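Quick notes on the structure that follows.
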Amino acid sequence: MPKVAVIGAGTMGHGIAELFAIAGYEVALVDVAEDFLKRALQNIEWSLKKLAEKGQIKEDVGVILGRIKPIVNDVCKAVEGAELMVEAVVEDIEIKRKVFAEADRCAPPSAILATNTSSLPITEIAEAVKPERRPLVVGMHFFNPPVLMPLVEIIKGAYTSDETVKKTAEYASKLGKQTVVVNKDVPGFIVNRILARLNEAACWMVARGEATIQEVDSALIYKAGLPMGAFILMDYTGIDVVCFIGDAMVKRGFKTHPCPVIAEKCKEKKYGVKSGEGFYKYPAPGKFQWPEVPKAAGDKVDVTYLLAPAINEAAYLLRESIASREDIDKAIRLGLNWPKGPLEYADELGIDTVVKALEEWKNKTGFEEYEPDPLLRDMAAKGKLGKKSGEGFYTYVKAEEKKLETLIVRYEPGIAWITLNRPERLNAINPKMIEELWKVLDEIEQMDYDKVRVVVITGSGRAFSAGADVTGFMGATPVTIFKVSRKLQMLYERLELLDRPVICGLNGYTLGGGLELAMACDFRIAAETAELGQPEINLGFIPGAGGTQRLARLIGRDKAKELIFTGDRIPAREAERLGLVHKVVPPDRLEQELRAFANKLAEKPPLALAMAKYAINFGLEAPQWVGMMLEASNFGLLFSTEDVIEGVSAFLQKRKPQFKGK
């Protein structure tokens, strides 16, 4: 059995140890006292039981727990025979250097020594080991809680070899994690640098009296679509942690002007949730409850102004080759659960608009960190402004986009993209979304095939849709609920009846009514991080939008009963094995895969696709001989179309056919 050592059994360390144990490794878990280790093992056992309840681990909890060997204050013993060490002790560089020196002395010569530091330089830590070991020292930064958060930042120090980076990424992959590579050892790496800029902007807006805490958080949640406002997130993380990481980054060259509003909270020891009060008040220390943040509060706050400093930092990271464009955006989407990365936001907001906002920041404050990055200025000068010009950090096809209250509808040549857009509610389906989906499908159905041949439905943020918004139905009568159920069923039936293919892109949580929506689509392509399930039983009811019928038809009666009766969620790969989804891809490739498949279908004869869809969908609900008659009728009907003439002619002439849907 392969062995790893995890040094430090605190919040991060015991989570990392749990991940390796689940993946089949023997784990030596070290801390300075037996009590700390005992508490860590209790926490791991609790977490494993929760995962087992959800069907997310296949082995017995005791078997996995048995792989973790607690060791009191003996790094040397822990690393003997280990192929990897992950250090997760307190953020004190001298303590970390001491751990690395001891590990270097006792670990096998080929062992990789990784640090989970969130702020300290990998290079300084590496200098605690012998020169020949330094190429094997790397940053392996997990996010809290490690078992749930999908991202690992891999950081190259000045000595780290490319082979070490590659092997570290392989370890992370075995744990089910997505990785990004930080090519230069800069303070804060990717996520914490960009988050620091957002926190500063939010804080200085409040300090300067330009907005209140609630107004800033409201704008970030309801306008930008972030899962948490800046101040709620700082409270949740711990304002003391924010101050500590900020100080560590400043000491190592991060240019910033610390905001007094944050500093005052640290001085007053009002650290947020952990102390019961921070920027907001909580019911008790350690008890998180969502603060009241009205949607209307952020109406007057300019989101571009808030996001511009974070975008500026991302541009710096890209220009200096610290990370790739894709890794910067991926890190923020996965590490902070933003619906888009900062460079994607830049393209959406407009590069010229971002530059103007930064200039406003610079003029108001005089702070040099708000000087627009040369990359942004160059792009603005060249007219690379983002979506509105067709090119920014990314290239865009010509498209027409409109934003409704709960949806974003985007028309590209041949493809209609429908994005469920209530990220703050995990795209929960409410009456307004039902109404808007119905109208959009009406609109598409009336369009010529020249404009739309394929429909793609996906979600914004970290969910496809977590289900129906039950808060909107509380207090309703049984008759009202029956009508809502039928309305949802009819909406989903419209997808099955739509005269063109519908593809669902499952980008995250796909639960309850969200899964029922996905099952009504013709195809389901899922990100590896997606979770699927019908959890209604846990609330005392059953699926009401077709789940009991479509799930059984897709995966069989017995497995459908199991998922509905238990309410368990299943990962995307398991859903693929069951036949519930057609393909699983890495999250950063989901849109690319959806577009490629949609374009492939868009090249086919639209009328033939419609007839094939009808023959299959209706035929499955009828005796086979009726289905055969339907097939024959549709087959014959197609011979009256121009597309058949074009298809046969192109075949004889050995050219690619140009179908028009006529």
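For clarity, every value in this text was computed on a predicted model and none was experimentally measured.
Looking at Glu412 and Arg595, a side-chain N of the basic residue comes within less than 4.0 Å of a carboxylate O on the acidic one, giving a salt bridge. Between Glu443 and Lys402, at least one side-chain N (NZ, or NE/NH1/NH2) sits under 4.0 Å from a carboxylate O, which counts as a salt bridge. Salt bridge status for Lys295 with Glu424: absent, with no side-chain N to carboxylate O gap under 4.0 Å. Salt bridge Arg550/Glu516: absent, no basic N to carboxylate O contact under 4.0 Å.
In this structure, the side chain of Lys387 does not engage the main chain of Tyr396 through any donor-acceptor pair within 3.5 Å. Judged by distance alone, with hydrogens and angles left aside, the side-chain atoms of Asn427 form no donor-acceptor pair with the main-chain N or O of Gly459 at under 3.5 Å. A donor-acceptor contact shorter than 3.5 Å links the side chain of Gln489 to the backbone of Gly544. Judged purely by atom type and a 3.5 angstrom limit, Asp448 has no side-chain atom pairing as donor or acceptor with the backbone of Lys451. Side chain of Thr395 to backbone of Glu391: no donor-acceptor contact under 3.5 angstrom is found. Distance alone, capped at 3.5 Å, places no donor-acceptor pair between the Thr406 side chain and the Leu404 backbone. Remark: the backbone N or O of Arg462 is not paired with any side-chain donor or acceptor of Asn507 at under 3.5 angstrom. In terms of modelled atom types and a separation under 3.5 Å, the side chain of Ser389 and the main chain of Gly383 share a donor-acceptor contact. Here the side chain of Arg500 pairs no donor or acceptor atom with the backbone of Val454 at under 3.5 angstrom. Listed for the Thr179 side chain is no donor-acceptor partner under 3.5 Å among the backbone atoms of Ala169.
Leu580 is listed as a side-chain neighbour of Leu551, based on a closest heavy-atom distance under 4.5 Å. Contact check for Arg453 versus Glu603: no side-chain heavy atoms found under the 4.5 Å cut-off. Gln534 has its side chain out of reach of Leu511: every pair of non-hydrogen atoms, C-beta onward, lies at least 4.5 Å apart. Proximity of Asp522 to Leu495: side-chain heavy atoms (C-beta onward) are nowhere separated by under 4.5 Å. Considering only heavy atoms from C-beta on, Leu226 comes within 4.5 Å of Leu198 through its side chain. Contact of the Lys583 side chain with the Leu594 side chain is not registered, since no non-hydrogen atoms from C-beta on lie closer than 4.5 Å. Taking the side chain as every heavy atom from C-beta outward, Leu578 and Ile570 approach each other to under 4.5 Å.
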Intermediate values then yes/no, salt bridge (Lys or Arg N to Asp or Glu O under 4.0 Å), Arg422 and Asp469
CA-CA 11 Å; Arg422 299 183 72 213; Asp469 192 343; 3.2 Å; yes
Check against side chain to side chain contact (heavy atoms under 4.5 Å, CB included), Tyr171 and Ile154
CA-CA 11 Å; Tyr171 282 118; Ile154 299 174; over 6 Å; no
Residue pair Leu420, Leu407: steps toward the side chain to side chain contact (heavy atoms under 4.5 Å, CB included) verdict
CA-CA 5 Å; Leu420 311 181; Leu407 305 175; 3.7 Å; yes
Applying side chain to side chain donor-acceptor pair (under 3.5 Å), run through Arg589 and Gln592 and close with a yes or a no.
CA-CA 5 Å; Arg589 279 182 45 210; Gln592 176 186 339; 4.8 Å; no
Run the numbers on Tyr449 and Asp499 for side chain to side chain donor-acceptor pair (under 3.5 Å), then give the verdict.
CA-CA 10 Å; Tyr449 289 119; Asp499 64 341; 3.0 Å; yes
Could you go through the side chain to side chain donor-acceptor pair (under 3.5 Å) check for Glu528 and Gln178 one step at a time?
CA-CA 9 Å; Glu528 288 172 338; Gln178 304 287 319; 3.0 Å; yes
Run Trp338 and Tyr345 through side chain to side chain contact (heavy atoms under 4.5 Å, CB included) and show every step you take.
CA-CA 10 Å; Trp338 287 18; Tyr345 270 117; 3.8 Å; yes
With side chain to side chain contact (heavy atoms under 4.5 Å, CB included) as the test, would you mind laying out the steps for Leu517 and Met433 before giving the verdict?
CA-CA 12 Å; Leu517 168 58; Met433 186 180 285; over 6 Å; no
What's the verdict on salt bridge (Lys or Arg N to Asp or Glu O under 4.0 Å) for Lys439 and Glu436, showing C-alpha distance, side-chain angles and the deciding distance?
CA-CA 5 Å; Lys439 286 181 179 177; Glu436 291 184 345; over 6 Å; no
Side chain to side chain donor-acceptor pair (under 3.5 Å), that's the test. Do Asn421 and Ser460 meet it? Break it down for me.
CA-CA 5 Å; Asn421 191 40; Ser460 63; 3.0 Å; yes
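Taking the six-membered ring where the residue is Trp, the centroids of Phe523 and Phe597 are separated by under 6.0 Å.
None of Thr458, Ile444, Ile408, Val456 except one satisfies the side-chain contact (heavy atoms from CB on, under 4.5 Å) rule with Ile418; the exception is Ile444.
Taking the ring axis of Phe142 as reference, the NZ or CZ atom of Lys177 does not stay both within 45° of it and closer than 6.0 Å to the ring centre.
Under the rule for a side chain to side chain contact (heavy atoms under 4.5 Å, CB included), the partners of Pro150 that lie at least two apart in sequence or sit in another chain are Leu334, Thr529. Evaluation of the salt bridge (charged side-chain N to carboxylate O under 4.0 Å, His left out) rule for Lys559 yields Glu562 as partners, not counting sequence neighbours.
Remark: Lys487 NZ is loosely packed, at most 12 non-hydrogen atoms of other residues, nucleotides or ligands lying under 6.0 Å away. Residue Glu631 places its CD atom among 12 or fewer non-hydrogen atoms of other residues, nucleotides or ligands, all under 6.0 Å distant. Counted within 6.0 Å of NZ on Lys223, heavy atoms from surrounding residues, nucleotides or ligands total more than 12; the atom is thus considered enclosed. Surrounding CE of Met490 are more than 12 heavy atoms belonging to other residues, nucleotides or ligands, all under 6.0 Å away. No more than 12 heavy atoms of other residues, nucleotides or ligands sit less than 6.0 Å from atom CZ of Phe482. Annotation for Met628: atom CE does not count as buried by contact number, only 12 or fewer foreign heavy atoms lying within 6.0 Å.
A distance of 4.5 Å separates CG in Leu563 from CD1 in Ile555, rounded to the nearest 0.5 Å. Atom CD of residue Glu496 and atom CZ of residue Phe618 lie 8.5 Å apart, to the nearest 0.5 angstrom. A distance of 15.0 Å separates CG in Leu488 from NZ in Lys483, rounded to the nearest 0.5 Å. The CD atom of Glu59 sits 12.5 Å away from the CG atom of Leu51 when rounded to the nearest 0.5 Å. Atom CD in Glu348 sits 10.0 Å away from atom CG in Leu307 (nearest 0.5 Å). In this structure, CD1 on Ile616 lies 12.0 Å from CE on Met611, to the nearest 0.5 angstrom.
With no hydrogens or angles considered, a side-chain donor-acceptor pair links Tyr394 and Asp329 at under 3.5 Å.
The side-chain hydrogen bond (donor to acceptor under 3.5 Å, both in side chains) analysis of residues 617-629, with sequence neighbours excluded, yields the pairs Arg553-Glu621.
Contact record, Leu376 with Ala315: CG-CB, 3.8 Å, taken as the closest heavy-atom pair.
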